[in-house]
Amino acid sequence: MIRGCSQIKNPSKEPITFYKKLINRGFPTPNSFTLAFVLKACANICAVLEGKQIHTHVVRMGLGFSPFVQTGLVNFYAKCGEIVLAKNMFDEIPERNVVAWSTMISGYARMGLVNEALGLFREMQIAGVLPDEVTMVSVITACAASGALDLGEWVHAFIDKYVIKVDLELSTALVNMYARCGCIERSKKMFDEMPKRDTKAWSSMIVGLAIHGMAEDALEVYSRMLEDNVKPNQVTFIGVLSACAHSGLLNEGWRYWTSMAEFRIEPLMEHYGCMVDLLCRSGHVEDAYEFVQTMHISPNPIIWRTLLMGCKKKVNLDKGEIAAQRLLQLEPLNPENYVLLSNLYAASSQWEKVTSVRKKMKENGMKTNPGCSSIEIDGFVHEFVVSDRSHPEGILIREMLRDMSERVRRTGHDPWTSDVLHDVGDEEKESSLCEHSERLAIAFGLLKTKAPVVVRVVKNLRVCVDCHEVTKIISKIFEREIVVRDRVRFHRFVNGACSCKDYW
DNA sequence: TTAGGGTTAG
């Protein structure tokens with residue numbers, strides 16, 4: 001019964017209730033099967049307190065020797081985000097089989113703890129445990145999160161070398177990984193070669209094309225999906241709508257939004273987010289504001305932030321201040337929100353208000369998340385933060401930066417300084433732009449590799465307008481393809497143009 | 001009757 005009611009579509013507390021009844025009854029005594037099932041039920045609904053209680057039962061009943069219960073505990077803690085406790089449990093397992101290793105690696109991968117996941121994968125090999133296709137799904141997922149193509153390629157080669165079965169789940173993970181590592185061609189190739197594709201596989205391809213700004217392709221894949229009689233789900237529509245948003249396809253976006261009802265798909269916060277983004281970026285900030293008013297769920301901070309960003313871009317102080325107010329009510333402690341508001345004021349040349357927002361941040365001891373870009377060279381990931389001077393090859397990088405700036409300047413480029421927050425002189429603004437982390441990473445990439453090697457950079461924030469312009473110019477004068485993955489999408493710079501067609 | 005896996009807005 002406990003296992004049976006865990007397997008129905010919508011996970012509930014029911015299996016845990018059954019377990020409680022069993023305990024209260026006092027007979028029969030739970031065994032390793034019972035505990036493994038109920039732990040799984042706790043993991044499914046993130047029932048942290050119940051799961052911890054069951055952990056004490058495990059100890060009391062002396063069932064901690066069962067590999068099924070051990071893995072069940074690791075999985076329970078990992079799924080509930082208690083990753084340290086999960087690792088403690090994992091470390092206590094005397095004989096770890098492939099399932100135990102996979103559970104722990106998957107826990108790390110799901111939380112985006114890339115280095116931990118990959119480190120554990122290496123330890124697993126040292127321990128002499130052979131990974132299977134389930135292990136590799138998590139390892140590939142970690143590669144996707146890292147954005148490091150070389151790493152993903154290495155793991156893919158590993159899969160081939162050890163003849164690990166590439167099933168539906170693993171090929172979907174590979175489609176996703178190649179897209180997220182900036183190689184959309186390989187992603188498409190993996191997808192085309194799949195013998196069978198389900199909703200998740202199609203959605204993965206659609207989302208991949210969307211983050212590359214290839215809206216037409218994404219929508220074409222979507223119609224092929226329908227022709228194939230595969231039902232779209234909520235995630236599919238997140239892909240379709242974000243594809244429209246990333247390419248400014250306003251009418252199409254509305255059409256797909258309306259069509260969701262035909263598939264009986266209720267819009268989630270994410271779908272509203274895509275629509276707000278679509279409206280804002282296509283210049284309809286007022287409509288976006290009205291749209292938010294019609295939402296049948298209460299807007300979350302991301303919705304308000306998207307709107308605020310749109311207001312900053314289109315310089316709509318009115319609606320921007322309202323969005324900021326709502327945002328700060330919900331998230332008064334997130335420094336990013338104050339930066340956005342300050343940016344809105346800067347864009348409207350309201351320098352006094354900029355100062356007052358900055359002052360407030362300082363008073364509350366808020367620190368912003370610095371821009372950070374990484375680039376992989378010969379298997380090492382090099383990280384750069386804004387104005388970074390810590391790299392051992394810093395002097396060479398500085399020289400390269402100067403060379404880049406000089407050559408860019410000679411093309412007549414006029415630095416776009418309004419993205420620089422502070423009310424300082426133009427010269428200072430210009431020099432702080434030149435030290436944005438992506439420029440440091442690109443300079444390093446140009447130094448360390450030769451054409452036709454593609455310079456691939458991953459950034460934690462969005463690219464600023466000036467860096468975007470400059471990277472276009474660099475791709476032309478240095479005759480290099482440069483691929484930048486920013487916080488939400490890819491930019492592929494070739495011969496002076498970007499794949500996003502300057503719409504992002 | 002046991003355990004681990006793929007797609008998710010800014």
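Per chain, numbering begins at 1; letters A, B, ... match sequence-line order.
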Q) Restricting to pairs with a member in residues 77-97 of chain A, which pass salt bridge (charged side-chain N to carboxylate O under 4.0 Å, His left out), not counting sequence neighbours? A)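 Only Lys52(A)-Glu82(A), Lys87(A)-Asp91(A) qualify under salt bridge (charged side-chain N to carboxylate O under 4.0 Å, His left out).
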Given [options], the nucleotide with the shortest approach to the side chain of [X]:
{"X": "Arg110(A)", "options": "dT2(B), dG5(B), dA9(B)", "answer": "dG5(B)"}
{"X": "Met269(A)", "options": "dA3(B), dG6(B), dA9(B)", "answer": "dA9(B)"}
{"X": "Asn75(A)", "options": "dT2(B), dG5(B), dG10(B)", "answer": "dG5(B)"}
{"X": "Phe37(A)", "options": "dG10(B), dG6(B), dT2(B)", "answer": "dT2(B)"}
{"X": "Phe68(A)", "options": "dA3(B), dA9(B), dG6(B)", "answer": "dA3(B)"}
{"X": "Val488(A)", "options": "dG10(B), dT1(B), dA9(B)", "answer": "dG10(B)"}

(Q) I'd like to know whether Lys501(A) forms a salt bridge (charged side-chain N to carboxylate O under 4.0 Å, His left out) with Glu216(A), so could you lay out the CA-CA distance, the side-chain angles of the two residues, the decisive distance to 0.1 Å, and finally the verdict. (A) CA-CA 14 Å; Lys501(A) 302 184 189 90; Glu216(A) 284 82 4; 5.2 Å; no
Q: Name every residue in residues 145-160 of chain A that has at least one heavy atom under 4.0 Å from any atom of DNA chain B, in order of residue number, or write none if there are no such residues.
A: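 Of all residues in residues 145-160 of chain A, none places a heavy atom under 4.0 Å from DNA chain B.
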[X] near the nucleic acid: base, sugar-phosphate alone, or nothing, with a heavy-atom cut-off under 4.0 Å?
{"X": "Gln234(A)", "answer": "nothing"}
{"X": "Asp486(A)", "answer": "nothing"}
{"X": "Ala201(A)", "answer": "base"}
{"X": "Ser106(A)", "answer": "sugar-phosphate"}
{"X": "Arg96(A)", "answer": "nothing"}

Q) Within this structure, what is the CH2-to-P distance between Trp101(A) and dG5(B), rounded to whole angstrom? A)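 Distance check: Trp101(A) CH2 to dG5(B) P gives 17 Å.
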Q: Taking only Lys NZ, Arg NE, NH1 and NH2, and the carboxylate oxygens of Asp or Glu, determine whether Arg3(A) and Glu14(A) approach each other closer than 4.0 Å.
A: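 No salt bridge links Arg3(A) with Glu14(A).
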Q.
If the condition is ring-ring contact (aromatic ring centres under 6.0 Å, His included), which residues does Tyr77(A) pass it with, not counting sequence neighbours?
A.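 Tyr77(A) satisfies ring-ring contact (aromatic ring centres under 6.0 Å, His included) with His55(A) only.
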Q) Does one side chain, of Asn369(A) or Glu336(A), offer a donor that lies under 3.5 Å from an acceptor on the other? A)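 On atom types as modelled, these side chains do not qualify, holding no pair under 3.5 Å.
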Q | Donor-acceptor pair present, Asp132(A) side chain and dG4(B) base, under 3.5 Å | A |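 Result: at least one qualifying N/O pair found.
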